[in-house]
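None of the values given here were measured: they were computed from a predicted structure. All residue numbers refer to positions in the sequence shown, counting from 1.
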Amino acid sequence: MASQRQWLGDLRAALELMKQGQPQNCIEALENLCARYPDDALCRALVLDGIGRANFALQRPEEAIKALEDSVELLRSTLGATAPMTLGAMQNLAHALLGIGKVEESLSIGRESLHLTVEVCGPDSPQVAEAQLRLSAAYYRKRDFDRAESLMRKAKEIWEKQGFCVPQLGVCLNNLGRICEERGQLSEGIALHRQALALRRELLGEHDETAFSLGNLGVALASDGQWREAAESLQAAVEMYDRL
């Protein structure tokens, strides 16, 4: 137990490097951690998940997919197919597969992860909302906007029932706005982008996701011919990215 507590702390410290924008340093720290605990399967599985995500951030898709696949396999054998860590690693793998254009593979793993998460956590759990949001991205990429919208609205409803705002609500609002744009429903899309921007300003302040929402609002306004406000929004996005 003491050794596990030790490597958990080291694991968190290594993953913090990725949050700080240092994915290569994160990989090196994770590899060193794994070398110190060569016989601990759970440690290796979580290290592989982190290495996969860091390689994805470094735009090394083949290395990312291999590490994430190995992590899922090891977590299944160590903790079981329905363990929360296993389901989270499956979602990370689905996200990486989507990032390299393997949409059908991403959908298959994402659907399996969502089904198991509902079984384990119940249909109204935040974990289900997270799985729904991730799966919706694959349907959006496939241009199956109806299924993408349905999943996003279900996820949004779950988080809203929690009684407090979470950053994922901004993702839902942003993506729903994009779907409205795709359908030519520009007024509805603009309204959703305004909601996403307001929420991200409140929760995150000056942040890359806030700048992203400013940019999306600007593009939607331009599509609707609202040139002045579009230019102001896009300029504000560029300036915020600059400061960040």
Side-chain angles (χ1 to χ4, degrees), residues 9 11-27 29 49-50 53-54 56-59 88 91-92 95-96 98-99 125-137 140 148-149 151-182 186-224 226-244:
L11 178 70
R12 293 190 189 100
L15 294 175
E16 188 64 30
L17 293 170
M18 187 154 51
K19 293 181 182 178
Q20 296 168 3
Q22 304 176 53
Q24 185 58 51
N25 289 339
C26 172
I27 290 172
D49 180 73
R53 289 186 286 128
F56 188 78
L58 289 166
Q59 298 183 2
Q91 291 176 31
N92 290 337
H95 177 69
L98 183 62
S125 71
Q127 292 88 346
V128 167
E130 188 73 46
Q132 288 170 331
L133 180 60
R134 290 197 173 200
L135 180 57
S136 73
Y140 180 88
E149 179 183 9
L151 285 164
M152 276 186 272
R153 291 198 180 279
K154 288 176 182 176
K156 180 173 173 286
E157 183 179 346
I158 290 171
W159 278 312
E160 286 174 341
K161 284 180 180 176
Q162 303 300 307
F164 54 89
C165 287
V166 295
Q168 292 95 325
L169 275 173
V171 180
C172 286
L173 290 165
N174 175 82
N175 293 356
L176 287 168
R178 294 295 297 273
I179 286 176
C180 285
E181 288 180 75
E182 293 278 4
L186 295 178
S187 295
E188 294 91 334
I190 289 168
L192 286 161
H193 286 310
R194 290 194 195 281
Q195 291 177 50
L197 176 58
L199 186 145
R200 284 171 164 169
R201 276 177 165 156
E202 178 184 350
L203 289 183
L204 304 173
E206 186 146 299
H207 189 276
D208 56 355
E209 289 189 15
T210 308
F212 187 68
S213 278
L214 277 165
N216 279 340
L217 175 60
V219 170
L221 288 163
S223 297
D224 198 40
Q226 300 185 47
W227 304 112
R228 183 185 297 276
E229 190 181 356
E232 290 171 354
S233 184
L234 291 167
Q235 182 64 33
V238 170
E239 290 172 355
M240 189 177 292
Y241 277 126
D242 237 6
R243 292 191 296 273
L244 290 167

Identify, with sequence neighbours excluded, every residue that meets side-chain contact (heavy atoms from CB on, under 4.5 Å) alongside Leu234. Val219
Which residues satisfy the salt bridge (Lys or Arg N to Asp or Glu O under 4.0 Å) test with Glu182, sequence neighbours excluded? Arg143
Could you give the distance from CG (Leu15) to CG (Leu11), rounded to the nearest 0.5 Å? 4.5 Å
Show the nearest heavy-atom pair for residues Cys26 and Ala14, with the distance to one decimal. SG-O, 3.3 Å
What distance separates Ser136 OG from Ile179 CD1, expressed to the nearest 0.5 Å? 7.0 Å
Which pairs count as salt bridge (Lys or Arg N to Asp or Glu O under 4.0 Å) when at least one residue sits in residues 194-203, sequence neighbours excluded? Arg194-Glu229, Arg200-Glu209
Indicate the atoms forming the closest heavy-atom contact of Ala211 with Met240, along with that distance. N-SD, 3.6 Å
Residues that Asp208 engages under side chain to side chain donor-acceptor pair (under 3.5 Å), provided they are two or more places apart: none
With Glu149 via salt bridge (Lys or Arg N to Asp or Glu O under 4.0 Å) - residues at least two apart: Arg153, Arg183
Counterpart residues, side-chain contact (heavy atoms from CB on, under 4.5 Å), relative to Ala222 (two or more places apart): Trp227, Ala230
For a 4.5 angstrom cut-off between non-hydrogen side-chain atoms, does Gln132 reach Ile158? yes
Might you point out which heavy atoms bring Leu244 and His207 nearest each other, and give the distance in Å? CD1-C, 3.4 Å
Pairwise side chain to side chain donor-acceptor pair (under 3.5 Å) hits with a residue in residues 234-244, at least two apart: Glu206-Arg243, Gln235-Glu239
Sequence-distant partners of Gln59, side-chain contact (heavy atoms from CB on, under 4.5 Å), two or more places apart: none
Donor-acceptor pairs under 3.5 angstrom involving side-chain atoms of residues 186-193: please list them, not counting sequence neighbours.
unit_1	atom_1	unit_2	atom_2	d
His193	NE2	Glu181	OE2	2.7

Is there a side-chain contact between Leu203 and Leu169, using heavy atoms and a 4.5 Å cut-off? no
Contacts of Gln168 that satisfy side-chain contact (heavy atoms from CB on, under 4.5 Å) - sequence neighbours left out: Glu130, Leu133, Trp159, Val166
I need the minimum non-hydrogen distance between Gly215 and Ala237, along with the two atoms involved. N-CB, 3.7 Å
Does the side chain of Val171 come within less than 4.5 Å of Met152's, by heavy atoms? no
How long is the gap from CG on Leu221 to CD on Glu232, to the nearest 0.5 Å? 9.5 Å
Show every salt bridge (Lys or Arg N to Asp or Glu O under 4.0 Å) that has at least one partner inside residues 158-168, sequence neighbours left out. Lys156-Glu160, Glu157-Lys161
Non-hydrogen atoms of Ala196 and Gly170 that approach each other most closely: CB-O, 3.8 Å
Ring pair (Phe, Tyr, Trp, His ring centres under 6.0 Å) involving Phe56 - partner list, sequence neighbours excluded: His95
Rounded to the nearest 0.5 angstrom, the CG-CG distance for Leu197 and Asn174 is 10.0 Å
